[in-house]
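Accompanying notes for the structure given below.
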Amino acid sequence: MQKIPKSILKGAANGNIAAFEHIYRIAGGFVYSIALHMTHNNEDAQEVTQDVFLKIFKKLKGFYFRAAFKTWVYRMTVNAALDICRKHSQLSRKAREFEKMLKIKNLSEEVHGIIDKREAHEHLEYWLDLLNPDQRVVIVLRDIEGLSYKEIARALRINRNTVRNRLRRARLTLYAVGRKEVILDEVR
Amino acid sequence: MKCAEIRDLILVGYADKELGRLSMGRIKRHLLKCKHCRRFEVLMLKNVVSPFRHADPVTPPSGVWHNISTIIYEHHEKAQRFLDNIKDDLDSIFSHPVAVTVMTVALVFILVFGVILRPLPVEMQLVNGYLAEQEEFLRIADTGKEVYLGTATEDFIIQGNFFISR
Ligand SMILES: [Zn+2]
């Protein structure tokens, strides 16, 4: 995220809507991106983005000298997205189980070629869905948003070793599934 | 370093350039001579890291800012309306001479009875009574006469055998 000038932050903290729009133009993209990759749902991502920015507008005055703006926004976004993930986890787990069932069935019916595997590969959602929300969030922050381990640790309020552990587990899962897909490709 | 350790560092640290110079060098040297770890590195970067790093950037639909700004304006207007209403109410009250007189009298009553002539709470009355009683006892005791006024202090001394009768 591009750095936001202090004068803009101050203006928005004093209720200047033009200054606030400036902040939205800079930070709106990554808030929406994190939310979308975490929830895999456009409407949820829009809701998270809206909630986060209304919170920023309300709390900017109290925040603004306390912590780095970026970290603060990352933290709010991740928390809002994780809330939605938890809210939907029951529902999506069932949907995923159903989907998995379909996939297994389809794999055995290769001839019909119902699943375009390459398309599935290209869909990040397919990969992110293999991870639990705690692992997914570190992949999103590290590899999609490009945060350092230190920034991730601050945003999630965990220590750097926990960041490493989650990243390790997430990448091992992705690696293992990737290998399996390659082997399946070779067999076919 | 063993291959397992190298791969673990490739998975976390090396792939993110979050390793010290020493470890980075060690891994690079190992990769030059070990084709298995080299294969691991290539597959890891290709399958696990790259797809996310090259993800298409996403932007929120234009409706999102519209919603946010609308909500902010509505809140602002609501707060402004609330303040305006209070101001209007006060204005209309103070434009009536009768109302002003009534409120002034009420204010004076509150000041006089509520603040200046405020009745003492029960505890304060008890303490004041006790102090007055003590004052009276000490005044008489000072004269050297043996008297019993029935005060709490006298009772305490009598019960504790502190009183030596002459
Ligand atoms: Zn090796």
Side-chain angles (χ1 to χ4, degrees), chain A residues 15 17 20-21 24-25 28-37 42 45-54 56-58 121-124 126-128 138-140 142-150 152 160 163-179 181-182, chain B residues 2-20 23-24 27 36-83:
Chain A
I17 195 93
F20 187 59
E21 188 173 358
Y24 177 82
R25 297 294 163 213
F30 78 72
V31 170
Y32 182 72
S33 170
I34 293 171
L36 186 65
H37 288 118
N42 273 314
Q46 288 179 37
E47 195 188 316
V48 168
T49 310
Q50 187 177 307
D51 289 354
V52 165
F53 276 92
L54 287 174
I56 293 174
F57 189 75
K58 216 169 120 191
H121 270 264
E122 280 164 10
H123 273 111
L124 294 183
Y126 170 82
W127 293 100
L128 289 171
V138 291
I139 292 288
V140 170
R142 173 74 274 269
D143 289 332
I144 298 180
E145 299 303 324
L147 268 70
S148 67
Y149 293 177
K150 193 174 159 190
I152 297 172
R160 253 186 273 187
V163 174
R164 284 169 184 277
N165 286 338
R166 286 188 191 173
L167 204 53
R168 178 179 291 112
R169 253 173 277 147
R171 283 180 174 163
L172 273 176
T173 306
L174 296 172
Y175 183 80
V177 175
R179 292 271 295 169
E181 305 265 345
V182 170
Chain B
K2 284 179 193 155
C3 288
E5 284 174 68
I6 293 285
R7 285 181 202 182
D8 192 57
L9 286 175
I10 288 174
L11 205 60
V12 178
Y14 181 81
D16 305 301
K17 296 193 175 65
E18 295 234 15
L19 276 182
S23 303
M24 279 306 241
I27 291 169
H36 301 291
C37 285
R38 217 158 46 228
R39 184 174 154 76
F40 175 82
E41 186 214 359
V42 170
L43 282 178
M44 216 284 286
L45 293 178
K46 186 173 154 252
N47 290 345
V48 178
V49 176
S50 243
F52 298 105
R53 294 210 179 148
H54 296 105
D56 290 329
V58 291
T59 40
S62 57
V64 178
W65 172 250
H66 177 77
N67 286 350
I68 294 168
S69 55
T70 306
I71 291 171
I72 290 174
Y73 276 123
E74 273 171 6
H75 269 265
H76 181 75
E77 269 173 22
K78 222 163 134 190
Q80 197 60 47
R81 258 205 312 278
F82 180 71
L83 288 175

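Heavy-atom basis, side chains included; hydrogens, waters and symmetry copies ignored. Every chain is numbered from 1 and lettered A, B, ... according to where its sequence line falls, protein lines coming before strand lines.
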Exercise. Please list, chain by chain and in numerical order, all residues satisfying side chain to side chain donor-acceptor pair (under 3.5 Å) with Arg53(B), sequence neighbours excluded.
Key: Asp143(A), Asp16(B)
Quiz prompt | Tyr24(A) side chain reached by Val64(B) side chain, heavy atoms, under 4.5 Å | solution = yes
Exercise. Go through the atoms of Phe30(A) and report whether side chain, backbone, both or neither lie under 4.5 Å from a heavy atom of chain B.
Key: neither
Practice problem: Work out which heavy atom in Leu124(A) is nearest to a heavy atom in Pro51(B); give both atom names and the distance. | Solution: CD2-O, 3.6 Å
Quiz item: Between Leu167(A) and chain B, which part of the residue has a heavy atom less than 4.5 Å away: side chain, backbone, both or neither?
Solution: both
Self-check item: Separation between CG of Leu172(A) and CE of Met44(B), rounded to the nearest 0.5 Å
Solution: 9.0 Å
Quiz item: What pair of heavy atoms forms the shortest contact from Gly13(B) to Tyr149(A), and how long is it?
Solution: N-OH, 2.9 Å
Quiz item: Is Glu18(B) close to Ser148(A) at the side-chain level, that is, under 4.5 Å between some pair of heavy atoms?
Solution: yes
Quiz item: Side-chain contact, heavy-atom cut-off 4.5 Å: Val140(A) with Phe52(B)?
Solution: no
Exercise. Would you check if Glu21(A) and Ile68(B) make a side-chain contact, meaning some heavy-atom pair closer than 4.5 Å?
Key: no
Exercise. Side-chain contact test, heavy atoms from C-beta onward, threshold under 4.5 Å: evaluate it for Tyr175(A) versus Phe40(B) and give yes or no.
Key: yes
Quiz item: What distance separates Arg171(A) CZ from Ile10(B) CD1, expressed to the nearest 0.5 Å?
Solution: 11.5 Å
Self-check item: Neighbour count above 12 (heavy atom, 6.0 Å) for Arg25(A) CZ
Solution: yes
Self-check item: Interchain contact, Tyr73(B) with chain A, by part (heavy-atom threshold 4.5 Å)
Solution: side chain
Quiz item: What's the spacing between Ile72(B) CD1 and Phe53(A) CZ if we round to 0.5 Å?
Solution: 10.0 Å
Exercise. For Leu9(B), enumerate each residue passing the side-chain contact (heavy atoms from CB on, under 4.5 Å) test, keeping only those at least two apart in sequence or located in another chain.
Key: Met1(B), Leu19(B), Ile27(B)
Self-check item: Heavy-atom check, side chain of His75(B) versus side chain of Leu54(A), under 4.5 Å
Solution: no
Self-check item: Working for side chain to side chain contact (heavy atoms under 4.5 Å, CB included), residues Trp127(A) and Val48(B)
Solution: CA-CA 9 Å; Trp127(A) 293 100; Val48(B) 178; over 6 Å; no
Quiz prompt | Any donor-acceptor N/O pair, Gln46(A) side chain to Pro60(B) backbone, under 3.5 Å | solution = no
